[in-house]
**Q** 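Quick one: this structure, given as structure tokens, is what I'll be asking you about.
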Amino acid sequence: MPYHPLDHHSAARYVKAAGLFPKASALNVTEIGDGNINMVFRLQDKHNGHSVILKHAFPYVRCVGKSWPLTLDRIRIEADALEIQHRYVPGLVPRILHRNNEMALVVMEDLGRMEVMRKGMNKLRKYGRFAEHISTFMANVLFFTSDLFLAAREKKALSGRFDNPLCQITEDLIFTEPYFDCARNKVNPALRPYCERVFWRKSALRLEAAKLKEKFLTQGQCLIHGDLHTGSILANATETKVFDSEFAFVGPAAFDPGLLVGNFFINFLSLNGKEFSRAEKRAYQRYVLESVRKIYQLFERKFRRNWDQHCKEPAFVVPGFQDYYLRQMFEDTLGFAATEMIRRTHGLAHNSDVDEIEDLTRRGDVQIAILETAEEIMLRRKEFRRMDEVVALVEQRGFSAEGQRPRKNRN
Ligand code: SR1
Ligand code: MG
């Protein structure tokens with residue numbers, strides 16, 4: 001079947017023709033996608049309630065339109081990544097029910113019982129099993145798709161299979177555009193004076209962003225999710241599912257933990273601009289930081305365990321190499337976390353955590369706190385020994401900025 005874009009009606013016809021529903025069934029079709037790139041339909045049998053999710057690509061970026069063309073191959077890449085993730089972390093990704101590369105679509109189980117974590121976190125929801133689950137997801141996928149486990153030729157074949165054109169979006173949006181007054185940036189008018197007079201003049205920061213961009217471009221360590229923020233995760237009290245793997249490619253291992261940690265720090269700092277009571281905010285902020293500590297500690301522990309049990313390459317079991325690798329990964333995690341905090345503040349794609357603060361001045365104060373915190377993490381990342389120290393820094397910055405008006409030299 002040659003590619004054609006689906007709408008509500010043709011999506012219903014498609015799933016019936018694919019045998020996912022009886023031909024005679026009456027389906028409710030709703031477009032539920034709130035991401036930046038693709039269409040997501042929920043199709044539900046009106047009679048028995050059975051439902052599936054169909055993710056489908058148009059040949060352009062959904063949030064921008066036809067002026068920004070984008071390869072349809074991204075759905076093939078996403079489905080391939082899901083299959084590999086499923087091999088190493090069954091239960092932590094959605095099940096694929098059907099896929100069609102030519103039509104640029106993948107049909108998955110409906111996980112409507114769960115919610116997008118970012119939305120839950122914005123309502124102060126806590127996820128008791130999350131640290132356990134996400135640390136397993138990262139430790140297994142990042143280890144078992146790396147040269148620490150795979151034979152060299154197998155790993156090279158994996159890199160070829162995930163030659164992902166979407167990487168350029170990340171290269172531009174995360175590492176380049178936030179560091180100058182780029183037309184694609186979306187800058188809160190209350191933040192603009194700070195960007196113009198302070199942030200865009202920080203050459204030391206641009207230098208660090210350049211180093212990290214070069215790592216992103218060249219360091220093909222393992223199959224990474226490539227966009228592991230809280231909007232790419234479904235969660236509830238007992239389950240976690242990582243989805244939206246269309247940015248997957250063989251890249252730096254630290255990128256996934258970096259994006260995740262950066263998003264947690266953004267959420268933590270965003271609370272200072274929100275309307276919850278002081279006690280509610282404090283309690284949730286402590287939960288967020290405790291989560292970061294736990295996630296990273298468990299991630300390192302599980303990654304080391306995988307290495308000890310499954311690494312067969314004599315060169316990589318030499319004493320000291322594991323510590324060297326994990327040290328580098330920690331430092332890079334902090335660097336990538338900082339770049340994510342920066343780009344989500346005034347780049348093209350923001351986080352609702354901050355953007356739901358309606359008062360622009362108040363939002364601007366939070367954004368400045370995020371930028372200043374990110375800068376300190378980025379510039380001092382070689383000094384930190386453990387995640388506890390970084391968490392302590394973020395905690396101190398967040399709690400001291402609470403309720404504070406912007407300083408005079410900020411604009
Ligand atoms: C045009 S795509 C903008 C952002 O949305 C995705 O979720 C990625 O984070 C990307 O950077
Ligand atoms: Mg996404």
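Note that ligands are numbered from 1 as they come in the structure, with each ligand's atoms numbered from 1 the same way.
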**Q** Under 4.0 Å from a heavy atom of Asp227: give me the atoms of ligand 1 that qualify, with their elements.
**A** 6 (C), 7 (O), 8 (C), 9 (O)
**Q** Within 45° of the axis and under 6.0 Å from the centre of the six-membered ring of Phe399, does NZ or CZ of Arg282 qualify?
**A** yes
**Q** Once rounded to the nearest 0.5 Å, what's the spacing between atom CG of Asn188 and atom OH of Tyr194?
**A** 13.5 Å
**Q** Could you tell me if the ring centre of Phe216 sits under 6.0 Å from that of Phe249?
**A**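 Ring centroids of Phe216 and Phe249 are less than 6.0 Å from each other.
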**Q** Could you check whether Arg286 pairs with Glu290 (Lys NZ or Arg NE/NH1/NH2 to Asp/Glu carboxylate O, under 4.0 Å)?
**A**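 Looking at Glu290 together with Arg286, the answer is no, because their closest N to O distance does not fall below 4.0 Å.
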**Q** With a 4.0 Å cut-off on heavy atoms, is Leu173 in contact with ligand 1?
**A** yes
**Q** For Ile37, which part has a heavy atom under 4.0 Å from ligand 1: side chain, backbone, both, or neither?
**A**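 It is the side chain that gets close, since no backbone atom is under 4.0 Å.
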**Q** Check Asp323 with Arg304, please: is the shortest side-chain N to carboxylate O separation under 4.0 Å?
**A** yes
**Q** Which atoms of ligand 1 sit under 4.0 Å from any heavy atom of Val61?
**A**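 Per the distance check, 1 (C).
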**Q** What atoms in ligand 1 come closer than 4.0 Å to a heavy atom of Asn36?
**A** 2 (S), 3 (C), 4 (C), 5 (O), 6 (C), 7 (O)
**Q** Tell me the contacting part of Arg343 for ligand 1: side chain, backbone, both, or neither, using a 4.0 Å heavy-atom threshold, strictly below.
**A**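 Side chain only; the backbone of Arg343 stays clear of ligand 1.
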**Q** Counting backbone and side-chain atoms alike, is an N, O or S atom of Asp244 positioned under 2.8 Å from the Mg ion (ligand 2)?
**A**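 It does; at least one qualifying atom falls short of 2.8 Å.
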**Q** Using a 3.5 Å cut-off on N or O atoms only, is Arg344 in polar contact with ligand 1?
**A** yes
**Q** Need the ligand 1 atom indices (1-based, order shown) with element for anything under 4.0 Å from a heavy-atom of Ala349.
**A** 3 (C), 4 (C)
**Q** Could you list the atoms of ligand 1 found under 4.0 angstrom from a heavy atom of His229?
**A**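 Counting from 1, the qualifying ligand atoms are 7 (O).
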**Q** For Thr170 and Phe255, what are the C-alpha separation, side-chain angles and deciding distance, and is it a side chain to side chain contact (heavy atoms under 4.5 Å, CB included)?
**A** CA-CA 11 Å; Thr170 305; Phe255 194 70; 3.6 Å; yes
**Q** Do the side chain of His346 and the main chain of Arg343 share a donor and acceptor less than 3.5 angstrom apart?
**A**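 Flag not set: sc His346 to bb Arg343 has no pair under 3.5 Å.
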